[in-house]
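So the structure is just underneath, and the comments pick up after that.
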Amino acid sequence: MTTTQNNKTMHIILWVLQGLFAAMFLMAGLTKLFQPIEAMAESMPWVLDVPEGLVRFIGISEFLGGIGLVLPSLLRIKPALSVWASVGLATVMVFAAIFHASRGEFPAIGANALFIVFLGLIVWGRSKKAPIAAK
């Protein structure tokens, strides 16, 4: 495979990851922002154990992070912001893993770790391997 083909393949892989994670974090963020706490508690019991303001703040962080994963790269206006959105969401996942560990919810940590790895791949890919040039 040539360098050009490798670069194109990496761009495609990164776009797929950015799109999937953006959709996931947008959906999770909107849920935490607008769904009543009691309804969220059916699938996420931890929301009953933390202040509602924290749940809503996490929702805002996830929603904005989801937008940040794709919009700057898509519009090619300060595409490095997509890298920083990935860093921010990975940080949210680190704190989520710590929170789940403190509650003894060890199976949830596996998903957090997987998300951290893929978000790290986006950070590396968009900053080193296949960056998007600004307009």
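- Criterion: ILVMFWY side-chain heavy atoms under 4.5 Å apart, direct or through other members. Under it, Trp124 and Ile122 are part of a common hydrophobic cluster.
- Scanning both residues, Leu74 and Trp15, for their nearest heavy atoms gives N-CH2, 3.5 Å.
- Heavy-atom minimum distance, Leu121 versus Leu14: O-CD2, 3.8 Å.
- In the hydrophobic clustering of ILVMFWY residues, with side-chain heavy atoms under 4.5 Å counting as a link, Ile13 and Leu114 come out together.
- Linking Ile, Leu, Val, Met, Phe, Trp and Tyr residues whenever their side-chain heavy atoms come within less than 4.5 Å leaves Met44 and Val92 in two separate clusters.
- Atom CG of Leu64 sits about 11.0 Å away from atom CG of Leu69, to the nearest 0.5 Å.
- Here Met93 contributes atom CE and Leu119 contributes atom CG; the two are 7.5 Å apart, rounded to the nearest 0.5 Å.
- Other residues, nucleotides and ligands place more than 12 heavy atoms under 6.0 Å from the CZ atom of Phe99.
- Here the closest non-hydrogen pair linking Ser73 and Gln18 is OG-NE2, 3.6 Å.
- For residues 23-33, the pairs satisfying side-chain hydrogen bond (donor to acceptor under 3.5 Å, both in side chains) are Lys32-Glu62, with sequence neighbours left out.
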### Query
Would Arg56 and Ile37 count as a side chain to side chain contact (heavy atoms under 4.5 Å, CB included) if you check the C-alpha gap in whole Å, the side-chain angles of each, and the deciding distance to 0.1 Å?
CA-CA 10 Å; Arg56 305 303 182 193; Ile37 295 293; 3.8 Å; yes

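- Note that the CD1 atom of Ile116 and the CG atom of Leu89 stand 11.0 Å from one another [nearest 0.5 Å].
- Remark: Phe115 engages Phe21 in a ring pair (Phe, Tyr, Trp, His ring centres under 6.0 Å) (not counting sequence neighbours).
- Scanning both residues, Val123 and Ser127, for their nearest heavy atoms gives O-OG, 2.5 Å.
- Taking CG of Leu81 as the start and CZ of Arg126 as the end, the distance is 14.0 Å to the nearest 0.5 Å.
- A single hydrophobic cluster is seen to contain both Met24 and Val94, as judged by linkage of ILVMFWY side chains at heavy-atom distances under 4.5 Å, directly or through other members.
- Between the CE atom in Met40 and the CG atom in Leu33 there is a gap of 8.5 Å [rounded to 0.5 Å].
- Nearest heavy atoms, Leu75 versus Lys135: O-CE, 3.5 Å.
- By the neighbour-count criterion of 12 heavy atoms within 6.0 Å, atom CH2 of Trp84 is sparsely surrounded, having that number or fewer from other residues, nucleotides or ligands.
- Nearest heavy-atom pair across Ala130 and His11 is O-CE1, 3.3 Å.
- With values rounded to the nearest 0.5 angstrom, Phe25 atom CZ is found 9.0 Å from Ser86 atom OG.
- By the criterion of side-chain heavy atoms lying less than 4.5 angstrom apart, applied directly or through intervening Ile, Leu, Val, Met, Phe, Trp or Tyr residues, Trp46 is not grouped with Phe34; the two fall into different hydrophobic clusters.
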